[in-house]
Asks: 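This is the structure I want to talk about, given as structure tokens.
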Number of protein chains: 2
Amino acid sequence: MQKSVSLTPLRVACSGCYLRELCLPRKLTDSDMAQLDNLISLKHAYQRGDFLYRSGTRFQSLYAIRTGFFKTQVLHVDGREQVTGFQMAGEIIGMDAISSDTHTCDAIALEDSEVCEIPFNQLEELSRKLPSLQRHLHRILSREIVRDQGIMLLLGSMRAEERLAAFLLNMSLRFAKRGYSPTSFHLRMTRQEIGSYLGMKLETVSRTLSLLQGMGLINIRNKSVELHNMPRLQALVGPPPQLL
Amino acid sequence: MQKSVSLTPLRVACSGCYLRELCLPRKLTDSDMAQLDNLISLKHAYQRGDFLYRSGTRFQSLYAIRTGFFKTQVLHVDGREQVTGFQMAGEIIGMDAISSDTHTCDAIALEDSEVCEIPFNQLEELSRKLPSLQRHLHRILSREIVRDQGIMLLLGSMRAEERLAAFLLNMSLRFAKRGYSPTSFHLRMTRQEIGSYLGMKLETVSRTLSLLQGMGLINIRNKSVELHNMPRLQALVGPPPQLL
DNA sequence: AATCTTACTTGATGTAAGTCAAATTTCGAT
DNA sequence: ATCGAAATTTGACTTACATCAAGTAAGATT
């Protein structure tokens with residue numbers, strides 16, 4: 001099923017990579033770090049299309065994305081699906097499953113990816129000993145809540161152009177944080193997936209992207225995007241058309 | 001600002017009320033409970049319209065609603081607002097603020113309410129000592145993430161009737177859990193607030209409620225609702241019209 | 001390189017929900 | 001009880017987005 005191959009037989013500490021900056025607390029001693037390293041020792045590789053986990057399966061671990069790109073989606077009874085997020089390197093995934101010990105969404109690799117497994121019981125145990133780790137875990141959980149509320153705002157009250165502008169700016173910001181260009185990047189997901197995430201049909205995504213291009217704000221060719229005018233994109237997200 | 005009056009000078013333990021069932025872990029010893037009681041000792045009263053907290057203010061505590069009804073909303077730069085949730089007795093509110101030590105939304109009482117304050121630092125400290133409390137806190141945070149994803153699904157892929165059916169059934173479930181009738185209850189929020197929450201205009205809320213009434217599924221008179229046919233309401237939420 | 005499949009774009013048309021507006025009801029305050 | 005403000009309902013009209021339908025381009029597979 002999920003083709004998870006342990007790339008290296010030896011232990012590969014995630015704290016050794018730049019994950020440290022994004023996912024791990026700062027104020028830990030070397031000894032603390034060692035304990036954390038010990039915890040986050042399982043690395044897995046996934047190919048495009050592989051499931052990291054499936055809705056309904058038992059929860060055991062959170063996952064820290066080392067490299068690559070994932071989407072999470074919830075499936076409705078009738079087959080409708082809603083993409084709930086796109087996750088990239090340095091982000092933690094799987095937190096929805098804590099509440100019921102069962103995954104409530106699917107996580108699927110959008111490109112070949114590497115992931116560090118974080119057994120949750122052990123993380124809880126360690127975070128009881130290390131207050132700064134505990135606090136960090138709480139922040140990560142809370143950040144996910146804030147992110148979701150931002151999307152609720154987007155889905156509940158924005159128009160197609162605004163949604164796409166917000167989406168592109170969000171991608172831009174996240175690429176920039178990882179040292180990539182904020183103005184030129186490659187989308188890993190299809191128009192369909194973008195549409196599901198933003199609550200619109202793929203045709204509308206396509207049309208609206210063409211529109212933004214027509215306005216000179218972006219350049220989009222298949223999955224490659226260039227943001228030509230970030231301030232105006234930002235302005236588009238901000239003030240509404242006639243509502244103010 | 002927030003008219004928070006300490007109702008009783010003496011300590012009022014929240015664990016003494018039915019909050020225990022909804023918010024607190026089970027497997028605690030009496031001694032553990034006593035510590036928890038000690039932590040959750042501050043009770044405040046709010047009148048309709050009062051702010052429990054405001055976006056931008058410093059985060060210090062979570063709040064357990066003892067009685068009453070709140071809404072949370074995020075405000076956009078331009079004045080647009082999105083209601084992100086309605087909270088009732090037994091629910092915990094304020095978790096979005098952990099990530100940045102700052103509240104990211106407003107919480108406003110929809111009726112006169114009582115709230116127990118839970119200083120978060122102390123909660124963290126105690127949960128380091130009590131694994132079952134720690135686990136419970138994590139579950140509560142995760143449950144909020146799952147809830148938000150459900151709303152994303154609703155906002156992203158449901159039609160007006162489906163949204164309202166889902167909303168009414170959710171209210172019904174939550175009232176039922178608290179021992180109230182699942183089929184007959186009183187909405188505390190305006191059509192406007194329902195609309196904001198569900199991503200539609202107040203006129204559409206009104207029209208759609210009339211429609212559901214016309215179909216014989218509900219009876220609504222101002223803010224009093226009766227659900228006459230829960231299975232059909234459920235069916236409405238489930239399968240889409242022609243999409244399957 | 002050729003073929004097949006899957007993504008993407010663009011146009012024509014339909015529709016659910018938004019907007020504007022007026023009438024009615026409810027509720028709080030005097 | 002009366003008044004005024006706010007909430008709700010309902011109607012007429014508009015619009016943003018969905019749907020349906022080709023046609024084109026990109027990627028995968030052989």
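Since we're looking at a predicted model, the values are computed, not measured. Worth knowing before you read on, the calculation uses all heavy atoms, side chains too, and leaves out hydrogens, waters and symmetry mates. In what follows, chains are A, B, ... by sequence order, proteins preceding strands, each numbered from 1.
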Asks: Which label fits A:Phe86 and A:Phe69: parallel for a plane angle under 30°, tilted from 30 to 60°, or perpendicular past 60°?
Replies: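 A:Phe86 vs A:Phe69 ring planes: tilted.
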Asks: Would you give a per-nucleotide map of nucleotides 1-6 of chain D, 5' to 3', where B means the base has a protein non-hydrogen atom under 4.0 Å away, S means only the sugar-phosphate does, and - means neither?
Replies: ------
Asks: State, with a plain yes or no, whether a side-chain heavy atom of A:Ile194 is found less than 4.5 Å away from one of A:Met200.
Replies: no
Asks: Regarding A:Glu203 and A:Lys201, does a basic nitrogen lie under 4.0 Å from an acidic carboxylate oxygen?
Replies: no
Asks: In this structure, how many angstroms lie between the C1' atom of C:dA16 and the CG atom of B:Leu236, rounded?
Replies: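 These atoms are roughly 15 Å apart.
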Asks: Using a 4.0 Å cut-off on heavy atoms, which residues in residues 183-195 of chain A reach DNA chain C? List them by number, or say none.
Replies: A:Thr190, A:Arg191
Asks: What's the CZ-P distance between A:Arg80 and D:dA18, to the nearest Å?
Replies: 14 Å
Asks: Is a side-chain donor or acceptor of B:Thr102 paired with a backbone partner of B:Gly56 at a separation under 3.5 angstrom?
Replies: no
Asks: Does A:Asn222 put a side-chain nitrogen or oxygen below 4.0 Å from OP1 or OP2 of D:dG27?
Replies: yes
Asks: Identify which one of A:Arg48, A:Arg188, A:Gln47, A:His186 satisfies the side-chain hydrogen bond (donor to acceptor under 3.5 Å, both in side chains) criterion when paired with A:Glu111.
Replies: A:Arg188
Asks: Taking atom CD of B:Glu91 and atom NZ of B:Lys177, what is their separation to the nearest 0.5 Å?
Replies: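 Rounded to the nearest 0.5 Å, the CD-NZ separation comes to 8.0 Å.
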Asks: Going by heavy atoms in the side chains, are A:Arg80 and B:Met158 under 4.5 Å from each other?
Replies: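 Heavy-atom side-chain distance check passes, below 4.5 Å.
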Asks: Tell me: CG of A:Leu209 to P of C:dA7, nearest whole Å?
Replies: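 Rounding to the nearest Å, CG of A:Leu209 and P of C:dA7 are 17 Å apart.
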Asks: Just the rounded figure in Å: distance from C1' of C:dA17 to CG of B:Leu211.
Replies: 13 Å
Asks: Quick one: OG1 on B:Thr84 to CD on A:Gln149, what's the gap to the nearest 0.5 Å?
Replies: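 Separation between the atoms: 4.5 Å.
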Asks: Calculate, to the nearest 0.5 Å, the distance between atoms CE and CG belonging to B:Met230 and B:Leu217 respectively.
Replies: 11.5 Å
Asks: Quick one: B:Leu155 CG to C:dA17 P, roughly how many Å, whole number?
Replies: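 Atom CG in B:Leu155 sits about 13 Å away from atom P in C:dA17.
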Asks: Is the shortest heavy-atom distance from the side chain of A:Leu236 to the side chain of A:Leu212 under 4.5 Å?
Replies: yes
Asks: Going by the side chain to side chain contact (heavy atoms under 4.5 Å, CB included) test, name the single residue among B:Val83, B:Ile93, B:Leu52 that passes it with B:Thr72.
Replies: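 In the set B:Val83, B:Ile93, B:Leu52, the residue that makes a side chain to side chain contact (heavy atoms under 4.5 Å, CB included) with B:Thr72 is B:Ile93.
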Asks: Within this structure, what is the CD1-to-P distance between B:Ile220 and D:dT9, rounded to whole angstrom?
Replies: 6 Å
Asks: Report, one pair per line, the protein and nucleotides 10-17 of chain D atoms (nitrogen or oxygen only) whose separation is under 3.5 Å.
Replies:
unit_1: D:dT10; atom_1: OP2; unit_2: B:Ser210; atom_2: OG; d: 2.7
unit_1: D:dG11; atom_1: N7; unit_2: B:Arg207; atom_2: NH1; d: 2.9
unit_1: D:dG11; atom_1: O6; unit_2: B:Arg207; atom_2: NH2; d: 3.1
unit_1: D:dA12; atom_1: N6; unit_2: B:Arg207; atom_2: NH2; d: 3.4
unit_1: D:dC17; atom_1: OP1; unit_2: A:Ala160; atom_2: N; d: 2.7

Asks: Can you tell me if B:Lys223 touches the phosphate of D:dT8, counting only side-chain N or O atoms and a distance under 4.0 Å to OP1 or OP2?
Replies: yes
